[in-house]
Amino acid sequence: MVEALARHSMVKASASGWTAVMSRYPELASEPIVAGWAHVGRPLIVRRPACSDTAGMIPLGLPLPPSHGKRRIAISLAAADIVASAPPPLLADAAATAPAAWRETIDELLQVLPETRTFGSLAWQYLTGLPYLSNSSDLDLLWPLSAARQGDTLPSDIARIAQRAPMRLDGEIVGPAGGVQWRELTGTDQDEVLVKGPTGVTSTTRAAFLAGHVS
């Protein structure tokens with residue numbers, strides 16, 4: 001199951017698994033919002049493993065809303081303690097949660113690629129109902145590189161929309177080997193790009209990545 005869970009996947013922990021997590025991280029158990037997180041059905045996000053993570057465990061993140069310090073909490077779970085998993089939400093589904101000023105930009109993004117997903121503040125507010133969005137929030141997105149023609153046009157389409165967007169557009173274009181920060185793919189003067197995969201970072205050429213070739 002560890003291999004099957006892509007980075008940015010949203011997962012839910014079992015009650016017993018979350019109790020075990022709180023036992024391992026007693027400093028977190030003293031915070032009511034964290035202690036009750038899994039018990040009210042809120043998700044966690046799969047992240048890349050760190051040196052301090054236990055081998056064989058699934059590395060997960062829990063970003064708290066600004067009202068609780070905007071902390072990014074790193075934990076890990078055994079595969080058996082994960083009861084559900086799903087990709088991050090579609091931008092189209094989360095759009096109604098977005099500020100009104102974002103709607104035109106979101107509509108343009110969806111016209112370019114309806115399968116676009118979101119994983120940042122907008123996603124967390126949509127999934128939890130907690131107030132993650134602020135006036136300084138970015139719109140964090142994942143663009144799946146699923147069609148051959150997208151490699152030719154997707155980075156420039158995103159750049160065109162980003163130029164006049166009222167918020168910063170952040171995120172990755174995702175191919176078979178992992179994700180590349182979209183701005184790295186907009187120029188022609190930098191041939192090598194960094195690909196963030198499930199277990200680490202590799203490099204490949206811009207052309208190979210956009211063609212969908214696995215590094």
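Numbering starts at 1 and runs along the sequence shown.
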- [ ] May I ask you to decide if the ring planes of F119 and H8 are parallel, tilted or perpendicular, using 30° and 60° as cut-offs?
- [x] tilted

Open item on the list: Looking at I75, is its backbone amide N or carbonyl O close enough to the side chain of R47 to form a donor-acceptor pair, meaning the two atoms are under 3.5 Å apart?
Closed with: yes

Open item on the list: Between R206 (side chain only) and V193 (backbone N and O only), is there a donor and an acceptor less than 3.5 Å apart?
Closed with: no

Open item on the list: When you compare the side chain of V34 with that of E27, does any pair of heavy atoms fall below 4.5 Å?
Closed with: no

Open item on the list: Tell me whether Y132 contacts the main-chain N or O of P63 through its side chain, where contact means a donor paired with an acceptor under 3.5 Å.
Closed with: yes

Task: Main-chain N/O of T19 paired with S23 side-chain donor or acceptor, under 3.5 Å - done: yes

TODO: With rounding to the nearest 0.5 Å, note down the distance linking CG in L5 to CD1 in I82.
DONE: 5.5 Å

Task: Side-chain (R72) to main-chain (G61) donor-acceptor, under 3.5 angstrom - done: no

Task: Main-chain N/O of P43 paired with W37 side-chain donor or acceptor, under 3.5 Å - done: yes

Open item on the list: Would the distance check show the side chain of W18 and the main-chain N or O of A35 forming a donor-acceptor pair, the cut-off being under 3.5 Å?
Closed with: yes

Task: Donor-acceptor pair, side chain of S76 and main chain of I58, under 3.5 angstrom - done: no

Task: Value rounded to 0.5 Å, distance of OG1 in T153 from CZ in R160 - done: 9.5 Å

- [ ] State, to 0.1 Å, how close R183 and Q181 come at their nearest heavy-atom pair, and which atoms those are.
- [x] N-OE1, 2.8 Å

Open item on the list: Between K12 and G41 (side chain of the first, backbone of the second, donor and acceptor by atom type, cut-off under 3.5 Å), is there such a pair?
Closed with: yes

Open item on the list: Looking at W102 and L139, would you say the former's side chain and the latter's main chain have a donor-acceptor pair under 3.5 Å?
Closed with: no

TODO: Report the distance from atom CG of D107 to atom CG of L91, rounding to the nearest 0.5 Å.
DONE: 9.0 Å

